[in-house]
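To start, the structure under review is shown below, and the notes come after it.
Proteins get letters first, then strands, A, B, ... in listed order; numbering begins at 1 in each.
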Amino acid sequence: MSAYWPSLFGGMVLGLSAGLLLLLNGRIAGISGIVGRLLGGHQAWVNGAFVVGLLGGPALYAAAHGALPAMTVSASWPVVILAGLLVGIGTRMGSGCTSGHGILGLARLSKRSIVATASFLLAGVATATLAGLLS
Amino acid sequence: MSALAIARITVALLSGALFGYGLSLSGMVDPARVIGFLDIASGHWDPSLMFVLGGAVCVAVIAVAIQRRLPRPVLDTQFHIPERTDIDARLVGGSALFGIGWGLAGFCPGPALSALTTGLTPVLLFIAAMIAGMLLHDRVLAKAG
């Protein structure tokens, strides 16, 4: 169980971040939405500032814990590119990703977000499991 | 730029930094951890992502409860919250496409963006492809249909 404390605390920090943005700025912390609006040139300063903060995450972690977080990418480059395209198209078509639908949508008991989260979790589990079995 | 605008930008920067730190602390920047959760037949399933989502939703529920008692956010005249309730094919299909991409590489938008500063080539490729996908959707697909 103790191995999961960082996951639980890290998750709570995500909730705190989303809560601050909601209560102070009145905005949903949905990363695909924020990036999409930034690409469209909407509220560039506010959305840009969020992305700059996000980019600083690993550095903050390194400052607090003495090392960068572990990261292993095992997918090949062509698969990574295909995955990026699908994530880009899918999150914009489905109006959100793991943050907007997964965290805030579930907290708001939004019917659309519950359906979206079920859809991307099922598709993610099916894809990763199939890929695992085939490799 | 007004003081209010500067305050909003500062909040966004702080919120983004907290989000990035949370992603690093929780292990979600590591695609191997994400795949370890999504691959249920690997024989060594990693439940961490459930704890991440559970912790995040618990805190967010408190924030939403406070939000519903407030007439407006501290730094704006109104809340900007999606009001749609219809379930359509774009929502389900788009989310499924996202899930397939997520399951292939173990990256979703937040962790991948946050991991850009690690300078790993696959992260750069993923973000370039993701941005291309978003632009393709917003500027071509959404307008075509």
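Ring-centre distance between B/Trp102 and B/Phe107: not below the 6.0 Å cut-off.
Contact count versus chain A (heavy atoms, under 4.5 Å) is highest, among B/Leu14, B/Leu91, B/Ile131, B/Leu104, for B/Leu91. Highest contact tally toward chain B, considering only A/Ala126, A/Pro58, A/Ala75, is held by A/Pro58 [criterion: heavy-atom pairs under 4.5 Å]. Comparing B/Pro122, B/Gly20, B/Gly16 by how many heavy-atom pairs each has under 4.5 Å with chain A, the most go to B/Gly16. Your options are A/Leu122, A/Thr117, A/Leu85, and the one with the most heavy-atom pairs under 4.5 Å with chain B is A/Leu85. When each of B/Val64, B/Ile35, B/Asp88, B/Leu49 is checked for heavy-atom pairs under 4.5 Å with chain A, B/Val64 comes out on top. Note: A/Leu23 leads A/Leu130, A/Leu21, A/Leu23, A/Val35 in heavy-atom pairs under 4.5 Å with chain B. When each of B/Leu136, B/Val57, B/Thr10 is checked for heavy-atom pairs under 4.5 Å with chain A, B/Val57 comes out on top. Contact tally against chain B (heavy-atom pairs below 4.5 Å) for A/Lys111, A/His101, A/Arg27: the top residue is A/Arg27. For the set B/Thr117, B/Ile100, B/Val61, the entry with the most heavy-atom pairs within less than 4.5 Å of chain A is B/Ile100. For the options B/Asp30, B/Val59, B/Leu97, heavy-atom pairs under 4.5 Å to chain A are most numerous at B/Asp30. Counting heavy-atom pairs closer than 4.5 Å to chain B, the top-ranked of the candidates A/Gly90, A/Gly84, A/Gly15 is A/Gly84. Contact count versus chain B (heavy atoms, under 4.5 Å) is highest, among A/Val13, A/Val51, A/Ile89, A/Leu20, for A/Ile89.
B/Ala63 and A/Gly19 get closest at one heavy-atom pair: CB-CA, 3.5 Å. Annotation for A/Phe50 and A/Ser17: closest pair CE1-OG, 4.5 Å, computed over non-hydrogen atoms.
Considering only heavy atoms from C-beta on, A/Ile28 stays 4.5 Å or farther from B/His80 through its side chain. Side-chain contact between A/Leu54 and A/Ile34 is absent, with no heavy-atom pair separated by less than 4.5 Å. Counting only heavy atoms from C-beta outward, the side chains of B/Pro82 and A/Arg112 never approach each other to under 4.5 Å. Looking at A/Ile103 and B/Phe19, their side chains come closer than 4.5 Å, going by heavy atoms from C-beta outward. A/Asn25 has its side chain out of reach of B/Asp76: every pair of non-hydrogen atoms, C-beta onward, lies at least 4.5 Å apart.
In this structure, A/Met12 places its CE atom where only 12 or fewer heavy-atom neighbours from other residues, nucleotides or ligands lie under 6.0 Å away. A/Trp77 CH2: 12 or fewer foreign heavy atoms inside a 6.0 Å radius.
Only the side chain of B/Arg33 comes within contact range of chain A, with at least one heavy atom under 4.5 Å from a heavy atom of that chain. With a 4.5 Å cut-off on non-hydrogen atoms, B/Asp46 touches chain A through its side chain but not through its backbone. Looking at A/Thr98, both its backbone and its side chain come within 4.5 Å of chain B, counting heavy atoms on both sides. Neither the backbone nor the side chain of A/Ala131 comes within contact range of chain B, judged by heavy atoms closer than 4.5 Å. In this structure, the portion of B/Asp138 lying under 4.5 Å from any heavy atom of chain A is its side chain and not its backbone. Contacts between B/Val123 and chain A at a heavy-atom distance below 4.5 Å involve the side chain alone, from C-beta outward. Interface remark: A/Leu133 contributes side-chain atoms only to the contact with chain B (heavy atom separation under 4.5 Å). Heavy-atom distances place no part of B/Ser42 under 4.5 Å from chain A, backbone and side chain included. Heavy-atom distances place the side chain of B/Met1, and not its backbone, under 4.5 Å from chain A. For A/Thr91, the parts lying under 4.5 angstrom from a heavy atom of chain B are both the backbone and the side chain. Of the atoms belonging to B/Leu120, it is side-chain heavy atoms, and not backbone ones, that fall under 4.5 Å from chain A. Interface remark: A/Val115 contributes side-chain atoms only to the contact with chain B (heavy atom separation under 4.5 Å). Contacts between B/Ile66 and chain A at a heavy-atom distance below 4.5 Å involve backbone atoms as well as side-chain atoms. Contact of B/Thr121 with chain A is made through the side chain alone, with heavy-atom distances under 4.5 Å.
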Original post:
Please walk me through it: do A/Arg108 and B/Arg68 pass side chain to side chain contact (heavy atoms under 4.5 Å, CB included)?
Top reply: CA-CA 10 Å; A/Arg108 294 167 49 231; B/Arg68 289 187 173 150; 3.9 Å; yes
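Proximity of a side-chain donor or acceptor of B/Ser15 to a complementary backbone N or O of B/Val11 within less than 3.5 Å is not detected. The backbone N or O of A/Gly11 lies less than 3.5 Å from no partner atom in the side chain of B/Ser26, so there is not a single donor-acceptor pair. Here the side chain of A/Thr129 pairs a donor or acceptor atom with the backbone of B/Ile40 at under 3.5 angstrom.
Aromatic ring pairs are classed by plane angle as parallel below 30°, tilted from 30° to 60° and perpendicular above 60°; the pair A/His65 and B/Tyr21 is parallel.
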